[in-house]
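The structure appears below as structure tokens.
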Amino acid sequence: METGTIIGLVIGIIVVLILVRTVFLGFIVVKEREAVIIERFGSYHDTFMAGVHWKIPYVDRTKPYRYQYFVTKPGTEYTVLEKGTTDRIKVTNEVIDFPSTSVITRDNASVLLDCILSYQITNPKQMIYSCNNLPLLLSKILQAFVRNMAAQLSIDQIIEESATLNAASGLMNEEVSKWGVKILFVKVQKVIAPGLDDVLGKQKNAQLRNAKIVIDARSHKQTAVIESEGQRDSMIRKQEGSTQEQISQARGRATSIINIATAEARSVKEIARALQKEGTNPVRYLLSLKYLDTMRAILNNPNTEVKYLPMETATVQIMKELGLNTFCAPIQSFK
């Protein structure tokens, strides 16, 4: 064979190989639940989902995705570094077991929380152009939200109601939705509290002291209420007894007055009937009796002085006692 023919054959083979490689590089197969970002001349061009796609070799290229974060090795307490670079973005539900996070509770207790996070990339384009190293970013946000929520709870609430911390998923979802990521759930696997027995013992003692104070206060209050109610009932009974006694006394006095008046009226009628038989005025007789009774009452008064005056000079002596000038004409004798 001539030299020119050999050279042409070699060139042809090289061209065929280049074409085959070019065609091979142009085809791209994307698996189910994966996405590939295609850039053309450095700018976003398209997003390839599951299936066979064609891209222009040496013009289009896949957007690489780099990640680096720490996780807890399954079945152990060791923390390992996960890192790598890929152009395949998984849109499946991803679960990451982050290292334990140290938090301070509301009652100033130090607790380690072992949390897992599940997320899903809903918009690969928005995610890859909005953030870098998504797992590390999610781990930092999870630490911030868990520490903030744990600071509002006591240690017994974290231990007994750890599901309360799961509410961090909703808060985180609002934060990361702008990156094309959805937080599915946040779970607390384990609560590690160094010196937990001492902390719980102190808290239990504090609760017992508070309960004792409350019980004593209630007891004192109940005793005071009972005593005040007893005093009130006693005062009411005494007042009712005094009132009843006064009513009885008043009724007795009224009955006595009625009886005396009745007896006196009966006596007056008998006396009047007897005096009428003798021809004497009963009114003057009764007035004389009343006069004598009144005089007897006046004489029995120790602070009263009684002077008897002759009827003939009574008027003159009264005027003299009142300071009036009086005179009396000489008495002439008639023969």
Side-chain angles (χ1 to χ4, degrees), residues 21-74 78-101 113-149 165-189:
R21 176 176 173 77
T22 301
V23 172
F24 177 77
L25 292 177
F27 283 101
I28 180 171
V29 179
V30 182
K31 296 180 181 180
E32 188 67 30
R33 307 296 294 175
E34 288 184 351
V36 177
I37 303 298
I38 302 299
E39 292 182 336
R40 178 170 294 176
F41 298 116
S43 299
Y44 172 77
H45 174 64
D46 197 2
T47 301
F48 290 166
M49 303 304 291
V52 180
H53 303 272
W54 167 261
K55 64 181 180 68
I56 302 176
Y58 311 111
V59 176
D60 298 338
R61 75 177 186 94
T62 58
K63 172 71 173 176
Y65 172 64
R66 298 178 180 85
Y67 58 89
Q68 179 177 334
Y69 59 96
F70 291 94
V71 296
T72 301
K73 190 175 181 180
Y78 299 105
T79 300
V80 296
L81 177 65
E82 294 282 345
K83 63 179 180 178
T85 303
T86 181
D87 58 0
R88 307 300 173 102
I89 301 174
K90 295 182 179 180
V91 294
T92 57
N93 298 344
E94 296 289 331
V95 177
I96 302 178
D97 186 2
F98 291 116
S100 300
T101 303
L113 299 179
D114 186 6
C115 302
I116 60 172
L117 171 69
S118 176
Y119 70 94
Q120 181 184 16
I121 298 175
T122 57
N123 191 331
K125 173 189 173 183
Q126 188 176 1
M127 185 278 298
I128 202 168
Y129 286 108
S130 298
C131 63
N132 187 23
N133 199 357
L134 178 63
L136 180 61
L137 186 60
L138 292 179
S139 68
K140 298 301 181 182
I141 295 177
L142 177 63
Q143 288 180 1
F145 275 98
V146 168
R147 286 174 177 170
N148 186 36
M149 296 187 66
L165 297 175
N166 298 340
S169 58
L171 300 175
M172 289 184 61
N173 192 53
E174 297 177 2
E175 189 71 23
V176 303
S177 59
K178 59 185 177 183
W179 301 329
V181 180
K182 179 180 180 181
I183 303 298
L184 301 178
F185 63 81
V186 174
K187 299 292 184 182
V188 178
Q189 297 186 104

A side-chain contact here means heavy atoms from C-beta on lying under 4.5 Å apart; do [X] and [Y] qualify?
{"X": "Leu134", "Y": "Tyr119", "value": "yes"}
{"X": "Leu138", "Y": "Ile183", "value": "yes"}
{"X": "Lys125", "Y": "Ile37", "value": "yes"}
{"X": "Val59", "Y": "Arg40", "value": "yes"}
{"X": "Leu171", "Y": "Met149", "value": "yes"}
{"X": "Pro135", "Y": "Asn133", "value": "yes"}

*Give every residue pair that meets the side chain to side chain donor-acceptor pair (under 3.5 Å) criterion with at least one member in residues 171-181, sequence neighbours excluded.*
none
Point-to-point distance, once rounded to the nearest 0.5 Å, from [atom1] of [X] to [atom2] of [Y]:
{"X": "Leu113", "Y": "Lys187", "atom1": "CG", "atom2": "NZ", "value": "14.5 Å"}
{"X": "Glu39", "Y": "Asp60", "atom1": "CD", "atom2": "CG", "value": "10.0 Å"}
{"X": "Thr101", "Y": "Arg147", "atom1": "OG1", "atom2": "CZ", "value": "6.0 Å"}
{"X": "Phe185", "Y": "Ser118", "atom1": "CZ", "atom2": "OG", "value": "4.0 Å"}
{"X": "Gln189", "Y": "Asp114", "atom1": "CD", "atom2": "CG", "value": "4.5 Å"}

Distance-minimising heavy-atom pair for [X] and [Y]:
{"X": "Lys90", "Y": "Ile121", "value": "O-CD1, 3.7 Å"}
{"X": "Thr47", "Y": "Ala35", "value": "CG2-CB, 4.4 Å"}
{"X": "Gln68", "Y": "Leu136", "value": "O-CB, 3.5 Å"}
{"X": "Asp97", "Y": "Cys115", "value": "OD1-O, 3.5 Å"}

*Please say whether more than 12 non-hydrogen atoms of neighbouring residues, nucleotides or ligands are located less than 6.0 Å from CZ in Arg21.*
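Atom CZ in Arg21 is not packed in, count stays at 12 or less.
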_Phe24, CZ: over 12 other non-hydrogen atoms inside 6.0 angstrom_ = no
_Taking ring pair (Phe, Tyr, Trp, His ring centres under 6.0 Å) as the definition, give me every residue that meets it alongside Tyr44, ordered by chain and number, with sequence neighbours left out._
none
Do side-chain atoms of [X] reach the backbone of [Y] as a donor and acceptor pair under 3.5 angstrom?
{"X": "Asp46", "Y": "Ile38", "value": "no"}
{"X": "Arg33", "Y": "Val91", "value": "yes"}
{"X": "His53", "Y": "Met49", "value": "yes"}

*So, Thr92 and Glu94: side-chain donor and acceptor under 3.5 Å apart, yes or no?*
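A pair is found: one side chain offers a donor N or O, the other an acceptor, under 3.5 Å apart.
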*Partners of Arg88 by salt bridge (charged side-chain N to carboxylate O under 4.0 Å, His left out), sequence neighbours excluded?*
Glu34
